[in-house]
Participant: 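After the structure tokens below, expect a handful of questions from me.
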Number of protein chains: 2
Amino acid sequence: MEYLEAKEKFIGTWGSLGSLWGINKAMAQIQALLFISTKPLSMEDIMEDLKISRGNTSMNLRQLMDWGIVTKVLVSGERKEFFTTEKDVQELTRIIAKERSRREIQPVIKVLDDVSSIKDDGTDKTKELIKQTKALHDLSVNADAMLNKLVTQKQNWLTKSIIKLLK
Amino acid sequence: MEYLEAKEKFIGTWGSLGSLWGINKAMAQIQALLFISTKPLSMEDIMEDLKISRGNTSMNLRQLMDWGIVTKVLVSGERKEFFTTEKDVQELTRIIAKERSRREIQPVIKVLDDVSSIKDDGTDKTKELIKQTKALHDLSVNADAMLNKLVTQKQNWLTKSIIKLLK
DNA sequence: TTAAACTTTCAATAATTACTGAAAGTTTAA
DNA sequence: TTAAACTTTCAGTAATTATTGAAAGTTTAA
């Protein structure tokens with residue numbers, strides 16, 4: 001396999017994986033492209049490489065920046081803006097985990113808390129709703145706490161954690 | 001909040017969370033409905049409750065069964081089929097994690113392995129592609145191993161794991 | 001200033017994904 | 001058998017989501 005084929009395979013796969021996990025294809029592909037690029041890329045570069053429109057590029061770069069995954073960099077002597085992504089996979093994972101927790105898990109925990117706190121009217125179905133949503137609530141809180149714990153340790157969290165768990 | 005409102009809030013939230021994570025709404029909602037139901041439900045029950053068509057119900061139940069999350073149960077004296085979901089949240093998580101690993105993570109690991117194994121032609125961009133995809137590969141392998149490890153311990157994996165990690 | 005170089009926004013459109021409903025298929029009781 | 005009770009399939013359609021491209025907005029160099 002040559003460079004170009006490998007590059008396209010990587011970017012394509014990353015895009016599909018994104019879709020599978022609720023991240024849009026262009027967004028995932030832009031990140032993948034920056035991830036393997038040796039230098040920051042301009043909007044023009046990205047558009048040309050991925051063959052997507054200016055608007056699409058602009059919107060998805062913005063989202064990636066909102067997530068904290070991509071940053072603007074100034075290239076001296078250049079008027080236009082350039083972009084890079086976080087290059088360290090561990091740091092990248094930390095950012096994504098933290099954001100998904102904040103945006104998606106926390107709000108669900110709140111709902112589960114509300115729902116599992118309704119008044120027990122003595123009926124079976126109410127009891128079941130309370131029991132099951134409480135179980136889900138507790139699991140979510142624990143899993144989220146664990147994820148944060150894992151991911152808050154800057155250095156080698158994954159390796160360290162695996163070692164601990166294997167003991 | 002009364003039972004019905006709480007129930008609808010739970011099912012609705014679960015559906016939205018599903019969409020956010022690449023699981024279709026109807027599928028997530030059927031699972032949610034079964035999860036808080038005190039007894040197995042028929043296709044008719046599900047259709048009526050969620051106001052979705054027969055075809056949709058059938059297709060999504062099938063998918064849930066493929067995932068191993070929902071099972072058919074025979075109710076004696078009844079001709080039609082009834083369905084339940086795994087009621088234990090830990091077991092449910094185990095099943096989902098295992099399936100997502102098998103269906104989605106393993107294939108990506110394979111691609112990352114292929115891509116990071118291309119011949120180093122000495123150029124910077126090839127070196128970068130190899131380096132970055134290798135890092136991603138290693139992270140994925142580790143994270144996947146950890147997930148499997150966590151999730152393979154039947155009893156209270158989450159609690160146990162948190163205790164270990166907090167040490 | 002101003003005008004060129006660049007970025008963002010957003011209405012229109014395309015692409016994708018989900019859903020319906022009815023026909024075809026299957027199972028079971030008599 | 002057969003026909004009623006049920007489930008699955010799938011072509012057509014609807015709903016959702018992503019993308020385009022051009023106009024509007026912004027920045028900067030002269």
Participant: Work out which heavy atom in A/Ile95 is nearest to a heavy atom in A/Gly68; give both atom names and the distance.
Facilitator: CD1-O, 3.5 Å
Participant: What's the closest nucleotide to the A/Arg62 side chain, out of C/dT9, D/dT19, D/dT8?
Facilitator: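 In terms of side-chain proximity for A/Arg62, the closest of C/dT9, D/dT19, D/dT8 is C/dT9.
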Participant: Check the distance between C/dT20's P and B/Met47's CE and give it to me in whole angstrom.
Facilitator: 9 Å
Participant: Would you find more than 12 non-hydrogen atoms of other residues, nucleotides or ligands less than 6.0 Å from A/Lys87 atom NZ?
Facilitator: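 Enclosed.
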Participant: Identify which nucleotide among C/dC19, C/dT7, D/dT7 has an atom closest to any side-chain atom of B/Arg54, counting heavy atoms from C-beta outward.
Facilitator: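 That would be D/dT7.
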Participant: Give the nucleotide from the list D/dT8, C/dT20, C/dT8 with an atom nearest to the side chain of A/Lys72.
Facilitator: C/dT8
Participant: Distance check needed: D/dT16 P versus B/Leu20 CG, whole Å only.
Facilitator: 16 Å
Participant: Figure out the NZ/P separation between B/Lys80 and D/dA4, and round it to whole Å.
Facilitator: 17 Å
Participant: So, taking the atom named CG in A/Leu34 and the one named CZ in A/Phe83, what distance separates them when rounded to the nearest 0.5 Å?
Facilitator: 9.0 Å
Participant: Going from CD1 on B/Ile52 to CD1 on B/Ile46, what distance comes out if it is rounded to the nearest 0.5 angstrom?
Facilitator: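 Separation between the atoms: 7.5 Å.
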Participant: Need one value for A/Asn24: base, sugar-phosphate or nothing, where a base atom within 4.0 Å counts as base even if backbone is also close, heavy atoms only.
Facilitator: sugar-phosphate
Participant: Hey, which of these two, B/Met43 or A/Gly55, hits DNA chain D nearer its 5' end, going by closest nucleotide?
Facilitator: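 Comparing both residues, the 5'-ward one is B/Met43.
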Participant: Which whole-number value in Å describes the distance from B/Glu44 CD to D/dA5 P?
Facilitator: 12 Å
Participant: Between A/Met59 and A/Lys25, which residue's closest nucleotide on DNA chain C lies nearer the 5′ terminus?
Facilitator: A/Met59
Participant: Rounding to a whole Å, what distance do you find between A/Ile46:CD1 and D/dT20:P?
Facilitator: 14 Å
Participant: Rounding to an integer number of Å, can you tell me how far A/Asn56 CG sits from C/dC10 P?
Facilitator: 16 Å
Participant: Determine the contact category for B/Glu81: base if any of its heavy atoms lies under 4.0 Å from a base atom, sugar-phosphate if only primed atoms, P, OP1 or OP2 are that close, otherwise nothing.
Facilitator: sugar-phosphate
Participant: Over 60° means perpendicular and under 30° means parallel, so classify the ring planes of B/Trp21 and A/Trp21, tilted if in between.
Facilitator: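 Perpendicular: the ring planes of A/Trp21 and B/Trp21 meet at over 60°.
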Participant: When you get a sec, tell me which of C/dT20, D/dT20, C/dT9 is the closest nucleotide to the side chain of A/Ile52?
Facilitator: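 From the listed options, D/dT20 comes nearest.
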Participant: So which atom in A/Asp88 and which in A/Glu91 form the shortest heavy-atom distance, rounded to 0.1 Å?
Facilitator: OD2-N, 2.9 Å
Participant: Of the nucleotides C/dC19, C/dT8, C/dC10, which has the atom closest to the A/Ser58 side chain?
Facilitator: C/dT8
Participant: Starting at the 5' end of DNA chain D, which residue's closest nucleotide do you reach first, A/Arg79 or A/Asn60?
Facilitator: A/Asn60
Participant: Is A/Arg103 close enough and on-axis enough to A/Trp67, meaning under 6.0 Å and within 45°, for cation-pi?
Facilitator: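 A/Arg103 over A/Trp67 ring: yes.
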Participant: Rounded off to whole Å, could you give me the CD-to-P distance for the B/Glu78 and D/dC6 pair?
Facilitator: 8 Å
Participant: Between P on C/dG21 and NZ on B/Lys51, what's the gap in Å once rounded to a whole number?
Facilitator: 14 Å
Participant: Of the non-hydrogen atoms in A/Glu128 and B/Ile36, which two are nearest, and what is the gap between them?
Facilitator: CG-O, 3.3 Å
Participant: For DNA chain D, which consecutive runs of 3 or more Watson-Crick or G-U pairs (each distance under 3.5 Å) count as stems?
Facilitator: C:1-30 with D:1-30
